[in-house]
Amino acid sequence: MGGAPYSFEIEIPRRYFDVGLSASSGQMFRWKQTANSEWVGANGKHWFRVRVLDGREAYRVESSGPPTVFQSLFRLDWDAADVTETLTRLGPELEPYLQAMPGLRLTRSGDAVETFFSFLCSANNHISRITGMVNHLAAYGPRLEVVDVIDLHRFPRVATLAKVEEAELREKGFGYRAATITQIARELESRGGEAYLRSLGAMPYERAQIELLGFKGIGRKLADCIALFGLDHTEAVPIDTHIWQAATRLYFPHWQGTALTDRKYEEASAFIRNRFGRLAGWAQQALFYENVVNWRTRK
DNA sequence: ATTTGACCTGGGCGT
DNA sequence: GACTACAGGTCAAAT
């Protein structure tokens with residue numbers, strides 16, 4: 001396609017920022033690696049194309065947005081060396097997990113609506129199918145650009161999604177989530193749509209959590225994912241099957257192999273949150289993705 | 001307060 | 001190649 005509106009370099013060591021790892025670790029679902037190993041993706045109203053500069057600790061980024069958008073998305077305003085050092089001081093048990101995932105960063109979505117609907121797709125599902133579903137939803141938004149044959153769309157607004165029929169999503173393979181997604185889209189619109197969602201980012205984590213739990217179809221786990229990845233509540237600790245495995249291994253050995261109940265969810269999540277504070281979400285991401293990568297061989 | 005069963009679909013792995 | 005288990009869970013009903 002024609003020249004990108006913005007083209008800039010980001011200079012940072014790979015151990016502090018691995019763009020592919022950060023983009024494909026289950027925090028966002030609209031990034032792809034191209035044949036020539038560039039990373040191309042979209043978030044909210046922006047698209048990005050990222051390539052590693054030969055022999056240098058730097059990236060060349062083309063984007064619809066200025067550097068600040070990219071920097072915010074990958075949370076480059078947080079110093080990874082500092083975060084890692086603080087995390088290992090607060091929890092030495094984290095060190096092997098952080099070392100196993102060098103360059104993995106906690107991201108910060110620029111679009112709460114996209115994150116909200118992305119994680120509605122994630123319940124009892126696996127990353128590859130979530131990816132397909134999120135990209136189906138994204139196709140309801142206007143096309144931004146085509147980069148290396150990859151169709152990049154602006155993620156649709158709430159009003160658009162609220163008009164989608166359940167049957168339509170069923171046909172696209174959404175399964176039973178077709179019903180919850182269309183219902184929740186309408187509920188979200190009636191609560192004020194995007195403005196309401198954004199307001200959850202401005203209120204304390206605990207209150208945002210309660211608001212999100214008011215949607216039928218959003219439980220603790222999804223509420224925490226939305227809070228963490230979409231509303232910048234970085235102290236949120238979603239407990240999914242992977243974090244549950246890690247948490248029982250590290251902190252609650254007497255619960256290993258047991259089912260996750262409401263009470264245990266609350267205790268495990270609060271424990272990690274109290275241990276790492278506003279860095280808890282970053283810790284969670286390292287524990288999560290290390291377990292995703294290694295869980296098959298571990299058991 | 002915990003446990004159980006139902007729920008769409010499609011990679012992936014072992015038989 | 002069919003089978004089966006399971007995946008970034010949630011809800012309602014039955015212990």
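It should be emphasised that the depicted structure is a prediction, and the values quoted were computed from it without experimental measurement. Per chain, numbering begins at 1; letters A, B, ... match sequence-line order. Reckoned from all heavy atoms, side chains included, excluding hydrogens, waters and symmetry mates.
Residue ring and nucleobase are not stacked for Phe119(A) and dG8(C) under a centre distance beneath 5.5 angstrom and an angle between planes beneath 30°.
Only the P atoms considered, dC3(C) is 23 Å distant from dC8(B), to the nearest whole Å. Rounded to whole Å, the C1' atom of dT3(B) lies 22 Å from the corresponding atom of dG8(C). When the C1' atom is used for both dT10(C) and dG11(B), the distance is 23 Å, rounded to whole Å.
Of the residues near DNA chain C, Ile130(A) and Leu213(A), the one whose nearest nucleotide (by heavy atom distance) lies more toward the 5' end is Ile130(A).
Trp31(A) has its ring centre less than 6.0 Å from the ring centre of Phe74(A).
Within 6.0 Å of the CZ atom in Arg207(A), the count of heavy atoms belonging to other residues, nucleotides or ligands does not exceed 12.
Heavy atoms of Ser128(A) sit nowhere under 4.0 angstrom from any nucleic acid atom. Residue-level contact check: Ile239(A) touches neither bases nor backbone, having no heavy atom under 4.0 Å from any strand. Across all strands, Ser118(A) comes closer than 4.0 Å to no nucleic acid atom at all (heavy-atom distances). Phe229(A) comes within 4.0 angstrom of a nucleotide base, judged by non-hydrogen atoms across all strands. Within the nucleic acid shown, Leu222(A) comes within 4.0 Å of sugar-phosphate atoms alone, with no base atom in reach, counting heavy atoms only. If you check every strand for non-hydrogen atoms under 4.0 Å, Gly217(A) touches sugar and phosphate atoms only.
The phosphate of dC7(B) (OP1 or OP2) has no side-chain N or O of Arg177(A) nearer than 4.0 angstrom. Phosphate proximity of dG8(C) to His242(A): present, with a side-chain N or O under 4.0 Å from OP1 or OP2. Using a 4.0 Å cut-off, some side-chain N or O of Arg263(A) falls inside it from OP1 or OP2 of dT2(B).
Side-chain atoms of Tyr265(A) stay outside donor-acceptor range of the base of dG9(C), with no qualifying N/O pair under 3.5 Å. The base of dG8(C) sits within donor-acceptor range of the side chain of Gln284(A), with an N or O pair under 3.5 Å.
A salt bridge does not link Asp111(A) to Lys45(A): none of the charged side-chain nitrogens sits closer than 4.0 Å to a carboxylate oxygen.
With both pairing distances under 3.5 Å, dT15(C) is matched to dA1(B) as a Watson-Crick or G-U wobble pair. The partner of dG8(C), taking Watson-Crick or G-U wobble pairs whose two distances both stay under 3.5 Å, does not exist in any strand shown.
Remark: the backbone N or O of Met28(A) is not paired with any side-chain donor or acceptor of Ser109(A) at under 3.5 angstrom. Within the 3.5 Å criterion, the main-chain N or O of Tyr265(A) finds no donor-acceptor partner in the side chain of Ser269(A).
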